[in-house]
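Inspection log for the structure reproduced underneath, given as structure tokens.
Just follow the structure's listing: the first ligand is 1, and inside any ligand the first atom is 1. Throughout, residue positions are numbered sequentially from 1 according to the sequence presented.
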Amino acid sequence: MTNEQKILQEVFGFHSFRQNQEEIIRQILNGKDVFAVMPTGGGKSLCYQLPARILKGTAIVISPLISLMKDQVDAARDTGLKAEFLNSTLNTDERSEIYSNLTEGKIELLYIAPERFANKNFIETLKTIKITFFAIDEAHCISEWGHDFRPDYLSLSGIAENFPAAPVAAFTATATKIVQDDIIKKLRLRSPYTVRASFNRPNLVYSVQRKENINKQILNYLYEHKGVSGIVYRTTRDSVGKLYQFLSDNGISCLPYHAGIESETRKRNQEYFNQDKVDVIIATIAFGMGIDKSNVRYVIHGDLPKNIEGYYQETGRAGRDGEPADCILFYGSEDIIKMNYFINQMESEKERGIASQKLLRMSKYATYNVCRRTQLLEYFSETFPESNCKACDICLGTAEVIDITTEAQIFLSAVVRTGQKFGIKHIIGIITGAETKKVKELNHDKIKTYGAGSHKDRRFWHYIADELLAQNAVSREGEYPVLKLTEKGSEILTGKLNISGIKQAEIREKTKALEKSKSLFHEYNKNLFGDLRVLRKELATEQDVPPYIIFSDKTLHEMCAVNPRSMEDMKEISGIGKVKLEKYGKLFLDRIRFFTGE
Ligand code: ADP
Ligand code: MG
């Protein structure tokens, strides 16, 4: 057994390395720069925590958000690592104590916010201690090409020059190839050992549902998942506020989060969520960066995200512990109109172009009759090798495919007969035989397709419009988006080409992730799990840390499945190292014995 493997078991309590971890650690130990793209939950922290334990001196970890540093440090300490953080929340005494511990070499891991590196004095101070290496978390924040650019990160460019002896290891969960090259350049990494792990997250179950009565649809899902942690994203602060009101009126344990909420309250809401004091956080995308909560069981998007990077990152917050989790997107074509409006407000033409391309990819994800996982991976230049991923609505068959050629022809015909000068709403009005002023004034009640689709409702026709747009049968242009037929659209209209679309199931795939968990993972006793959760929560409250820091859901599930009877048994469970075994082993063992009546 190598020294690294020994420490993995003794300190972290894990039986084996995950993909790429061992090699990255070895490179850091050999003093080489590293650049690693690994999916959320892939185990990036271990890649710097483990060498920090081995090397003599202090490893510096740069992490973007001060508010989350405490959690990260608590988690590291709970494993027995000597970790501290330095940021503006500390007072002078606390700071000088840390400095003296640093000079005495008593700190293995020091977490620091990026803005500190803009300060020359700070850099001079850092030069006086023995630094083993730098780890840069969320490294994509340094690239303007990424979706989360933070100017503070630019000051990290100086690290390689200021500390030539220390290797730099950069980590991120989202980077296209362009962003990857940009990060390496900006951080001035010296021919880094580069890892581009698969972006696939096999435990995430992706699905898209037609957006109808969004608040109610979300409520239905949450009713079925009470007592389980999850995140619901909405685009605007207003929709967050309203949804929050609606859900709490209906007895859902939830809290809101957006940039408009006063910072103390916002912080508290995040903490309550982190500590399992509420089930659900309703948030704008301001929420989530660097959240390490491992037991998030679902991420719901009530609106179409701007781009796939963002969607992948947000859904990535589900199921970090490797257990099944749902990623549900509610989609309606009105979202595209709204987003296009905002894109059109952008100053630079180049930015507008990039933003619309990205939005188009996103809407294809929502509407295309193609495996969702394949589409996500394709975006990051990865080919998914299977034809059926078994964990998205398309592959699971919950999104049924139907032939929509006839309906498409009715729609396209109305577009052509009105001269390709109108938008979706008006076309649908014509097809459904609406008696609006506009229809009458333009004599559109006289054309052949008027009322030809009145056997279906407007929602259905919106859906047809979405499919036609996503499958490039029509294009939409102009200030008041006007529909025009593409070549493909003409072929469908003349009967040369058929088109099929996703039939939107009613909300019936709610429990997919849970069903999957039965087949793929240990069958575990739910009541015992409930008991252990309570114990975990008690311990967490005592120590004022989030429960998942004590043990992850995965560790608890395993306890319930294998039913350990001794401390020896306990030690075998994934996620229990020496320190945690001593701290919590007996407590959990007693609780299990009590439950099983032994
Ligand atoms: P990332 O930062 O890449 O999103 P984390 O470092 O937060 O992921 O790790 C996600 C989860 O995986 C954590 O609960 C962590 O303890 C666990 N983990 C990491 N490495 C291993 C391993 N080798 N075996 C089992 N679990 C692991
Ligand atoms: Mg991380």
Pairs under 3.5 angstrom, nitrogen or oxygen on both sides, ligand 1 versus protein: list them out, please.
residue	atom	partner	partner atom	Å
ligand 1	3 (O)	Gly42	N	3.4
ligand 1	3 (O)	Gly43	N	3.1
ligand 1	3 (O)	Lys44	N	2.9
ligand 1	3 (O)	Lys44	NZ	2.8
ligand 1	4 (O)	Gly41	N	2.6
ligand 1	4 (O)	Arg320	NH1	2.7
ligand 1	6 (O)	Lys44	N	3.4
ligand 1	6 (O)	Ser45	N	3.1
ligand 1	6 (O)	Ser45	OG	2.5
ligand 1	7 (O)	Arg320	NH1	3.2
ligand 1	8 (O)	Gly43	N	3.3
ligand 1	12 (O)	Arg18	NH1	3.1
ligand 1	12 (O)	Arg18	NH2	3.3
ligand 1	20 (N)	Gln21	NE2	3.0
ligand 1	23 (N)	Ser16	O	2.9
ligand 1	23 (N)	Gln21	OE1	3.1
ligand 1	26 (N)	Arg18	NH2	3.2

Check: With respect to Tyr548, which candidate in Asp321, Thr555, Asn274, Asp553 satisfies the side-chain contact (heavy atoms from CB on, under 4.5 Å) definition?
Finding: Asn274
Notebook entry, point to check: Going by atom types alone, do Ser207 and Asp393 pair a side-chain donor with an acceptor below 3.5 Å?
Noted result: no
Note to self: Filter on salt bridge (Lys or Arg N to Asp or Glu O under 4.0 Å), then keep only pairs touching residues 48-76, sequence neighbours left out; what's left?
What the structure shows: Arg53-Glu108, Lys70-Asp74
Next item on the list: Walk me through it: do His258 and Phe287 pass the test ring pair (Phe, Tyr, Trp, His ring centres under 6.0 Å)?
Entry: CA-CA 7 Å; His258 58 68; Phe287 178 80; over 10 Å; no
Checklist line | Which residues share a ring-ring contact (aromatic ring centres under 6.0 Å, His included) with Tyr206, sequence neighbours left out | finding: none
Check: Excluding sequence neighbours, so at least two apart, what forms ring-ring contact (aromatic ring centres under 6.0 Å, His included) with Phe12?
Finding: none
